[in-house]
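To keep things clear, I will list the structure first and then write my remarks on it.
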Amino acid sequence: MTEKRDIRALTKEEIRAYFIEIGEKPFRAQQVYEWLWKKGAQRFDDMTNISLSLREKLAAVFVINHIRVDEMQRSSDGTIKNAVRLHDGKVVESVLIPTEKRITACVSSQVGCSLDCTFCATARLKRMRNLNADEIYDQVVAIKNEAESIYNRPLTNIVFMGMGEPLMNYKNVLEAIEKITSPEGLGMSPKRITLSTVGLAKLIKKLADDAVKFNLAVSLHSARDEVRDRIMPINLKNPLKDLLEALQYWYDKTRRKVTFEYVVWHNINDKAEDIQALVAFCKRVPSKVNLIEYNPIDEGEFQQARPEALDAYITALDEIGVVARVRHSRGKDIDAACGQLANKNELLAT
Ligand code: SAH
C-alpha cells in the first residue's frame, strides 16, 4: 500500500484538481479547504457538511497531520514555551511572548538549523528537515489558543525567530504566511508578521520580487566582514556587500525599513570601529536597530557587552537619525529566549 499523503501539503488548486479527477464537484474543494485551515479539522469525520462517502474516500487516500503540544512551560514573566511534536516524532519549540500591548508568537521554521552561527544554541542541532506549511501554521494556532484561553487576549503579532532559517524553507514559510493572513485562514494582517533571516541576499531580493507584505528583520550582529565571517559563517558566501545591495533592492521595491537585530558582545563587536561600521551600513539602508540582549549558551567567548557599549551604539545611531532600541530577553528561566531554543532532549541525543 502506498503511504497516505498529508492533505494539508496540497494547495487549494491541487485539492480542486483532485476533486475534478475523482468526479466531485469543485466547490466541495473550497469547503474541505476551509475545514482544514479556518476550522482546524483534525479528522475527515469532523467535516459535517461533506457527505460520508466523500469523507471515506478522502480518508482512504489522505491523512490530516497535526502538531501536538507535548509540553508547555510558563516563565515567571508570563512567557510560555511549547515543545511541539510533529507527526514524525521530531520536536520544535515555539514561544508566546506577552507584553502590555501585544501578544507575540515566535515560531520555528525548521527542525534544527544548518547555518552554524557560533553564538546560537539551535546551531548545535544539525538541520533535520524543513517544516511544512501546516506545521508552521499550527504553531500559530496553538499560541493563538493559549493567548485566548490563558490570557484572555488576542494574538497580535508573529515573528519567525524560532528555530531554523525561514528563507531556507522559503516556499513553506510563504505558504504558511499566506494561510495566516488569508480570510480562509486566520485573517491576520501581514503588517503584524516579521520574518527574521540571517540575511540571504538572493532570497531577500526574491521576497521583494514576490511583493510580500510582511516585515523583514535581518540578524546583522556585525557590519564588518572580518567579524561577521567568524560568528556567522554564512557571511563567507554571502558577504555584506551582497547583503547591502539586496536590502537596497528590498527598500526600493517595498518602501519598508528593515530591522537589524544586533547583539553586542564583549571584545567581539563593542569597539568604536564596530560602531562606525554599523553607522556606515545604516546610512546606506533605511533601517531600525534592535539591540538584543545576549543569552549565554555556555561559558564560552560570547558574553554580553557592558551597558556603556550599548549606549555608545545608541548615541552614534541616534546622530544619524536611526532608531535603536534595547530588547531585553523574555522567558530566560525556561530557556525560551532568543537563541536558546534547542530542545534539550534533542541536543542530548545528538
Ligand atoms: N535564522 C533566523 C531566525 C532565528 S534566530 C535569523 O538568523 O534571524 C532569532 C534571533 O536570535 C537572531 O537574530 C539570532 O541571531 C538571535 N540569537 C541567536 N542566539 C542568540 C542568543 N544566544 N542570544 C540572543 N540572541 C540570539
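Order of appearance sets the numbers: ligands from 1, and atoms from 1 within every ligand.
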task = Check step by step if side chain to side chain contact (heavy atoms under 4.5 Å, CB included) holds for I150 and M72.
result = CA-CA 12 Å; I150 299 172; M72 209 185 91; 3.6 Å; yes
query: With only distance considered, is F160 within less than 3.5 Å of ligand 1 through an N or O on each side?
result: no
Inset, instruction - Salt-bridge test for E245 and K241: reply yes if a basic N is under 4.0 Å from a carboxylate O, no otherwise. - result: no
Passes salt bridge (Lys or Arg N to Asp or Glu O under 4.0 Å), R8 versus E135? Steps please. CA-CA 9 Å; R8 293 201 307 160; E135 292 169 327; over 6 Å; no
Under 4.0 Å from one or more heavy atoms of G164, ligand 1 contributes atoms 1 (N), 2 (C), 3 (C), 4 (C)
Atoms of ligand 1 under 4.0 Å from any heavy atom of C120, numbered from 1 in the order shown, are 18 (C), 19 (N)
Checklist entry - Between the side chains of N169 and S109, is a donor N or O closer than 3.5 angstrom to an acceptor N or O? => result no
Q. Is it true that E71 and R85 have a side-chain N and a carboxylate O under 4.0 angstrom from each other?
A. no
V198 heavy atoms within 4.0 Å reach ligand 1 at atoms 6 (C), 7 (O), 8 (O)
Among S196, S109, S108, closest by heavy atom to atom 2 (C) of ligand 1 is S196
Quick note on ligand 1: atoms under 4.0 Å from a heavy atom of T197 include exactly 6 (C), 7 (O), 8 (O)
Of D274, N235, D229, N269, the one forming a side-chain hydrogen bond (donor to acceptor under 3.5 Å, both in side chains) with R224 is D274
* **Stepwise side chain to side chain contact (heavy atoms under 4.5 Å, CB included) check, Y33 with R16** => CA-CA 9 Å; Y33 189 82; R16 189 172 290 132; over 6 Å; no
At under 4.0 Å between heavy atoms, what of V218 touches ligand 1? The answer is neither
Please determine whether any non-hydrogen atom of G162 lies less than 4.0 Å from an atom of ligand 1. yes
The answer for which part of F302 has a heavy atom under 4.0 Å from ligand 1 is neither
Check: of E293, E261, H221, min heavy-atom distance to atom 14 (C) of ligand 1 comes from H221
Quick note on ligand 1: atoms under 4.0 Å from a heavy atom of Y294 include exactly 21 (C), 22 (N), 23 (N), 24 (C)
task = Inspect the contact between R230 and E301 and indicate whether a charged nitrogen and a carboxylate oxygen are less than 4.0 angstrom apart.
result = yes
